[in-house]
Structures are given as structure tokens and as C-alpha cells.
Amino acid sequence: MKKPKYIFVTGGVTSSLGKGIIAASLAKLLQERGYSVTIQKLDPYINIDPGTLNPYEHGECYVTDDGAETDLDLGHYERFLNIPTSQANNVTTGRIYQSVINKERKGEYLGKTVQVIPHITDEIKNRIQLLGKTEKFDIIITEIGGTVGDIESLPYVESVRQLLWELGHENAIVIHLTLIPYLAAAGELKTKPTQHSVKMLMQSGVSPDILVCRTEYKISDSIKNKLALFCNVKKEDVIESIDAATIYDVPNLMLIEGLDNVVLKKLGLTNNKQPELKEWNNFLKGFKNPKNTIEIGLIGKYVELHDAYKSISESFIHAGAKNEVKVNINWIHSEDLTIDNVPKRLKNLNGILVAPGFGERGIEGKIEAVKYARENNIPFLGICLGMQMAVIEFSRNVLGLQNANSTEMNNKTPYPVIDLMEEQKSVTNFGGTMRLGAWDCKLAKNSKVKNIYKKELISERHRHRYEFNNDYLEQIKKFGMVATGKNPKTNLVEVIEIPSHPWFIGVQYHPEYKSTVLNPHPLFVDFVKASLEHSLN
Ligand code: GLN
């Protein structure tokens, strides 16, 4: 088997420069040239995975088909590359230490003192190379989380240093993403922070091959020359990454800058196939030339931080482009909604999405939003907790089951319409113990969802502990809410809809994790379409 080539992406000066987007854009260009590419994220925090993190800390927790709870950058990788990622694509310091400590307890180090070098770095290097061993990739891009100079990134940078030697420089290169700040008072772009961050990287024995420079203004030749001189790179290896209107412009910008060319040259790969980005640009055309605008209410409890709902907002971009509609997301805090203000707060919306979530905070507001959507024929999509809220609302207000609830919120409710799954009852650990990853779902004939997906058997990703309580299946059906998607093996309810409503669907799974630029998710596409129809009426 041919050995893959490795590209390491480090970050300098500040965080939030968009390493994930640069990595994904480069990967896209390489993919367009015919290479099979994947991207991996190394996160320097000690949590085993972000599953236990509050979304305010780190944004959304993304979920892969194989049930890994991961950093949200993996969502960008999938959305750009249109191929699934897996557990191996996200590694945290917690996971590295856990496996080293487990080995130590099993006596696998044969009495040796277990140390950061070589034991932790060996584990990191193994994880970096794992993707190349299990699947066939021509190129593996590894993004090192954090900023060069952070204490917790040091073992990762050291592992990169070792790998560069072991793999040989024609097989592994380093891209350093950095910031060129603009000083308004001086009217100048400044290179000094980059010089310092490259020096810091060099102190760890790693010399960047390519600099990608985030900037608000065009970088002149003289600045490129200066960066080249001070940072041990050639001028052509200094790539400008100017602020873009949308992250989806970045592959084109990197193409113009020739990032893919420089990378291929350094890796000794010859390839004359120019990236065309045909389908990608088709999507951009739809996205940038909307014919209409719709207002979607996203009701959640982490709305102050839009990253907490990253995959949902990106899914709306994909679905909007497909419908040539601009989707305006109205971020609505569920705790702000009351019976009294709901009509006023939601009256201008063409569609209402009740978001996933955990715990009691804000659920009564979500229930009010569902009720408003149901009674006023506004297209409604409930995702995970949002679907559970739709069931609770229907049980309380249509079936008349007072105080119906999920046992997550009230374990003494007289009507536990949403209840803990049997196999969850003995679970005591929080991390990685939910129903996670891809599960099959069979859609009912003649249902709206079946029409939308245009197939009977689907597979969607999950992240939850609670489920629709099948004891109530007949009752809700009698009153007009139908379970139109079920797991074929367990009979667990995956989808509910109200056929008498123009568009009312709740899904126990997370469709947003599977929407990509080239494959917008059918549920979002149809929800946007229905919301557009609502806006035109
Ligand atoms: N809290 C709910 C559960 O665990 C829903 C989870 C979610 O929305 N992801 O079932």
C-alpha cells in the first residue's frame, strides 16, 4: 500500500484564525485534483471528548457515524469534503493520556518510567498515523488545536518534529496559519507577531514550510518578502488569506493564491488536474443570488453563542442555496418565551426550529413555541429535544394529559411521554454513554418524511438518552400525531409528524450532522421550501 503524505497545520499569534476552514479548503482543492484526503483534529484539552463540555465552552459537539462525540471542526471537514469522518479523526490529550495510563496499568511498559517523551509522543504519533493504516488516503491533514506556545500543545508540536524526521520531508510538511494584524493608527500591516510565532515554533525544532496569513487587507509583495526573509520560507510560500464574506469562499481564494500548488510541489506530487470546483461553485451561485428571503426562528438555550448550533446554521445555508432563498435565522432564547409574548415574538417567522438540548432550563418556552407553530400552521422542525418537546406539547394541549413531561425534566410526571431507554437506566457515567452515532430508521409509506427522503430506509446520527414512550403511541395517533419513522429492530420512534398540519416534523436524530455543501440534507431543503411557501402566502 502506498504511504500517505502528511500535512500538519499549526496556528500562531491568536486562536480563532480558522485553521479548520483552511485545512478543509486545502483538502477540498486536493480532493478536486483526484486525491483521497482526510483531516484530523488534535485537541490539547484533557476532556476525553467534548461530549461532556457545555456548548458555551467549545461550541457544538459534533457526532460521527461511528458515534464519536467530536470537535465542531469535524463538521466543517465533512461539509467541505462530503465524506464521513470517524473516531480516529479527533484526538484529545485526555484520550492520549487515558490510553497511556491504561497501558501502564497493564504493565505494558515493562517497568520503564512512563514519560511525555517518548510515551505520550509515541501515542500521539500512533494516532496521527492510524488513519493512514486503517483507510486508504493519499494525503492526511492534521490540524493541531490551540496556538503555538501554549503549554498544552507542546507534546503535539514535539510529535510533529519527530514525525517530520521519521517520515522524511518529501512526505510531511508544516503549514503555519498566522495573523497579520492591521494597525489603524499606523495605517500598516504588521509582521512582527508572525516572526515571533515562527521563532517559537522553531524553538521546538519545527520550521514551517508554508505560511498562511490571515489578514483584513491585501498583503503587498514587500510584506511577503519580509515574512519570507524572517521566517525561513520562500516568497511563494507566503499565502494570503484575506477575510472572506463566507467560509465557503475560502477554497476559491486558496485556489487563486495557489496553496494547493505549493503544497503538491513540496510533497513531490505532480498533478496537472486543475481543481474545477464545479458543483461547489454551483452551490455558491445559489447561495449568493437568493430570489427570496425567509425568517426562521431557531429556539434554543445557547443562542448567545451561534457556534453551539453550527451544524444547524450551516444546514440552513446549504438548504437555502438549493432553494435560492436567503435564510435569516432569528436566534431566540427559549428562556425569554412565555405564553404572553410568544405571539408577538414569533409572528414574523416563516418557520420554527426547536433545537436540541439537555436539562430543564428553557423547556417551557420551547413548548410554547411548538404550540404556536402547531396552531398557526407555521412549518415546524423539532430536532432531538425539539421533537421531544413537540410530543410533550401535543400530549398536554391536544390529548389533555396535564403535566405530561419527559422524565429527564420531571421524573414524577403522571404522563412520562418521553422516558429513559431501558438500557440507559443502569448508566452512571456521563461521558460517551448516550445513544450515539448512526442508527437505521424505517419510514412509513405515505408519510411526509418518506416523500422527502424518497426512500424507505434511512440512517441518521443520534445523541440522546431519552426516547418517545411507546405506551402513548396509540393515543397520539388517535389525536393526529403519527410516528412515521421507527428503528426497524427496536421499534423506537425516530420521527413524528402531524399530517393535518402543512409541515410539522419532529426527529429524534440529528439531520444537521449529515448536511454537506454537495448534499444538502433533504429535511432542511424541504423545511426551507415549506417556509418559503409560508412566506409567499
Ligand atoms: N436531552 C434529550 C435526551 O437526552 C435530548 C438530547 C438532544 O437534544 N441531543 O434525550
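Keep in mind that this is a model prediction, so the values were computed, not measured. Remember, it's 1-based here, ligands and their atoms both numbered in the order they're listed. Every heavy atom of this structure was used, including side-chain atoms; hydrogens, water molecules and symmetry mates were not.
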Practice prompt. Answer with yes or no whether the side chains of Glu314 and His76 bring together a donor and an acceptor at under 3.5 Å.
Written response: no

Worksheet item: Is Glu408 touching ligand 1 with its side chain, its backbone, both, or neither, if touching means heavy atoms under 4.0 Å apart?
Response: side chain

Discussion item. We want to know whether Ser315 and His521 form a side-chain donor-acceptor pair, criterion being a heavy-atom distance below 3.5 angstrom.
Written reply: no

Worksheet item: Side chain, backbone, both or neither: which part of Arg463 has a heavy atom under 4.0 Å from ligand 1?
Response: backbone

Worksheet item: What protein heavy atom is closest to atom 4 (O) of ligand 1, reported as residue, atom name and distance in Å?
Response: Arg465 N, 3.0 Å

Worksheet item: Do side-chain atoms of Asn328 reach the backbone of Lys326 as a donor and acceptor pair under 3.5 angstrom?
Response: no

Practice prompt. Report the nearest protein non-hydrogen atom to atom 10 (O) of ligand 1: residue, atom name, distance rounded to 0.1 Å.
Written response: Tyr466 N, 2.8 Å

Worksheet item: With atoms numbered from 1 as shown, which atoms in ligand 1 lie under 4.0 angstrom from a non-hydrogen atom of His510?
Response: 9 (N)

Worksheet item: Of the options Phe380, Phe527, Phe394, Tyr372, which is the one that meets Phe504 in a ring pair (Phe, Tyr, Trp, His ring centres under 6.0 Å)?
Response: Phe380

Worksheet entry | Side chain, backbone, both or neither: the part of Met434 lying under 4.0 Å from ligand 1 by heavy atom | neither

Discussion item. Would Gln508 count as a polar contact of ligand 1, with the cut-off being nitrogen or oxygen pairs under 3.5 Å?
Written reply: no

Worksheet entry | Distance, nearest 0.5 Å, that separates CD1 of Ile383 from CG of Leu353 | 4.5 Å

Worksheet item: Does Glu408 pair with Arg465 as a salt bridge, N-O distance under 4.0 Å?
Response: no

Worksheet entry | Heteroatom proximity flag, Gly357 to ligand 1, N/O under 3.5 Å | yes

Worksheet item: Looking at ligand 1, does any of its N/O atoms fall within less than 3.5 Å of an N/O of Cys384?
Response: no

Discussion item. Whether Glu474 and Lys478 form a salt bridge (side-chain N of Lys/Arg under 4.0 Å from carboxylate O of Asp/Glu) is what I want to check.
Written reply: no

